[in-house]
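Here is the structure we will look at.
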Amino acid sequence: MDKNFYYYSWWLLLLPILVQAQAPQKDNYQLLARKTSKKITPDGKLNEAIWQTAQKARDFYQKFPFDTSYAKAKTEVMVAYDDQFFYVAFVCENKQPGDFVVESLRRDFNGGRNDFVTFYLDPFGDGTNGFTFGITPLGVKREALITNGEDLDSSWDNKWYSGVKRYPDKWIAEMAIPFKTLRYKSGTSPWKINFARLDYKTNEQSSWVPIPRNYRLTSLAFTGTINWESPLPKSGANVVLIPYITGGFVKEFEPDNTPVAYTRNAGMDAKVAITSSLNLDLTFNPDFSQVEVDQQVTNLSRFELFFPERRQFFIENSDLFSRFGFGRMRPFFSRRIGIQTDTATGETVQVPILYGARLSGKLNRNWRVGLLNMQTDRDRARNLPSSNYTVAVLQRKVFARSNVGLIFVNQQTTSDSTNDYSWGINDYDRVMGFDYNMASKDNKWNGKVLYQHQFTPEQKAEPFAHGSEIGYNTPEWRFYFSHESVGRDYAPRVGFAPRPGYFMVEGSLNRRFYPTMEKPLVNNHGPGVYGNVFWDMDFNVTDRFVELQYIINFQDRSSLEFYQGNWYTRLFDDFDPTNTDGIPLLAGTEYFYSNVFAFYNSNPVKLFNINVGAGYFFKYFNGRRTRLTGEVSYRFQPYGRIAIRADYNQITLPAPYNSVDLLLLAPRFEFSFTRKLFFTVFTQYNTQTNLVNVNARFQWRFKPVSDLFIVYTDNYFSDNLQPIGRSLVVKLTYWLNL
């Protein structure tokens, strides 16, 4: 651990003590949940007796376009429960003429393009982790996990029930959430909750507990309280089996025109509730063929790009494992599991995962625990060894919304040329890490302090990483500062650290102005500045970037953004700025360059939507660069959306270096026949990688959380459209409660 860690981090340890000592927010938002012995059918009719006497959460406060008045569209919410379900009922006034804004009938819809009601639930009251369930006026559902106090993970999927009834002047939604779906403590402990409504027909966002306009609706810093009429039941036995079967074919055209290979597979996931707040997830021979392909980007970076995890097994409580570190220095990255590098070709290939287990959740109000173990198979055809992956996490809540966490990551090679399976092989990679995550009660202050250390059989000089950050956010001001340091030898196999050997500081400052006229065109606007500096471990500057910004957000949620950036880069390795394997610029050379960029986002509620940006680099390394990027989409509600995303880069370098025109086109077609039947086609044409990828996915949700998938993938070379390979997979999954 070097002196920089102490220099930049010690003061962050003191700041949380100051900000956490603020007077707590008055809890004026209380709602009684009464217990019913009569069955409630979630159909939107509200004809059960319990709803006639239930307390109402009303007088929603506007968050957008202003946060100084009550909402124009009235909303009332009631809650109730029995031994199996938590019930929520919304009554939504609808006096504005016109159709509802509903993008499609597809589950897990985009919250910024749909009218809907939702609630944000924090059963343990830690202000950090929770659940959200939402529904549109057409009965389309969305559920997600809340992590890090406000982030949504909509990849989480679970079983719950709902119904909607529409009337001339209102619409009513009823939800029935099984207690087995939630993680909570039985008894009389109150839950924290907030209710929200997004009514884009009137261009309004509102919530029961007021939320300042500079924060997200999802923030668990702003919640009321549900008090239970009688103790909540224990969740009881809760075992879910999710078996699957798959079949299909694969046809490879490159490097040889190989015969069609027919595939079949079977496996199972299982969910076992150890307690009402602690869950054990098991997987045997997992298959992720239904997971949508990654969205490609034009890569002009010198470093590896980060793509988020999409596989369902790794999602629930994933923040326990993935929140450690920063974006450029993560001790654990779940996408490394089941991925290895073929030493013969240098290609990244998938290896089969045999089984896995994850224990995660709450031990009590203050303690969370996570334990993950996965075993991969040996790939004899490519001479790739098997590996075991273990991750252990312990997290302790401190102060109002902060926590301290420890993580241990171990990748152990379990086979070699003489052993099919052995724990005695001296080939491992281990990382231990510490995180302190700070969030003040009023959400104005956020910060982090972290340290990570890698252990391998070889003795390394600098196998460490550390960092700190602090942020301040009010309606008028936003400030951020951080430092990172990654040692020359820090390269965790199961982590994400694409750039070793640097020390970096970065910061930003933004000011927002709010017009005071009665009907302003602009909601808010203001300038900003961002900058960073990278040094190598000998404290020589390698990169420097300063950017001036001006952002205008309009009342209709469209926006206009202007940026002017200035770079300095000293190459420490040879590098081709086009990333097309051309003649590289030499290590040790240095470059000053600058650009201007403007971006416009239209009103996302409109049927026709356009987001477009244009930029010009007056110098780009030793040449010039022009960039055009954007997306055009049309929504034919409520059935779907067609869109095309484009990114064009013209890079002009002096001879003999490459000058290229790089084009990435990504048309997308989404169609929902019903709330259970979906079809998506996603095509990506990328001249930088010389690839065209077509991915078509059909999904039939024939029962809650039980699906039939048909996935077709086709790949071609973009320069001549010659085929590379294609595949078809049919997968059937079934959710079975025991």
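If you're wondering where the values come from, they're calculated on a predicted model, not measured in any experiment.
- Remark: R330 does not engage E309 in a salt bridge, criterion side-chain N to carboxylate O under 4.0 Å.
- Comment: R323 does not engage D151 in a salt bridge, judged by the lack of any side-chain N to carboxylate O separation of less than 4.0 angstrom.
- Under the salt bridge (Lys or Arg N to Asp or Glu O under 4.0 Å) criterion, D719 pairs with no residue at all, not counting sequence neighbours.
- Every residue two or more places apart in sequence or in another chain was checked for a salt bridge (Lys or Arg N to Asp or Glu O under 4.0 Å) with D576, and none qualifies.
- Salt bridge annotation for R335-E304: absent, with no cationic side-chain nitrogen under 4.0 angstrom from a carboxylate oxygen.
- A salt bridge is defined here as a Lys NZ or Arg NE, NH1 or NH2 lying under 4.0 Å from an Asp or Glu carboxylate O, and D429 with R336 fails to meet this definition.
- In summary, D427 and R493 engage in a salt bridge, as defined by a charged side-chain N under 4.0 Å from a carboxylate O.
- Between the side chain of Q684 and the backbone N or O of Q296, at least one donor-acceptor pair lies under 3.5 Å.
- With sequence neighbours excluded, the residues that form a ring pair (Phe, Tyr, Trp, His ring centres under 6.0 Å) with F306 are F333, F496.
- With sequence neighbours excluded, the residues forming a salt bridge (Lys or Arg N to Asp or Glu O under 4.0 Å) with R570 are D536, listed by chain and number.
- The pair E292-R668 counts as a salt bridge, with a side-chain nitrogen and a carboxylate oxygen less than 4.0 angstrom apart.
- Evaluation of the salt bridge (Lys or Arg N to Asp or Glu O under 4.0 Å) rule for E462 yields R488 as partners, not counting sequence neighbours.
- Ionic pairing of R302 and D574 is not present here: no N-O contact between side-chain nitrogen and carboxylate oxygen is shorter than 4.0 angstrom.
- In terms of modelled atom types and a separation under 3.5 Å, the side chain of Q650 and the main chain of V660 share no donor-acceptor contact.
- Here D489 does not pair with K460 in a salt bridge; the nearest charged N to carboxylate O distance is not below 4.0 Å.
- Take D108 and apply the side-chain hydrogen bond (donor to acceptor under 3.5 Å, both in side chains) test, not counting sequence neighbours, and it matches no residue.
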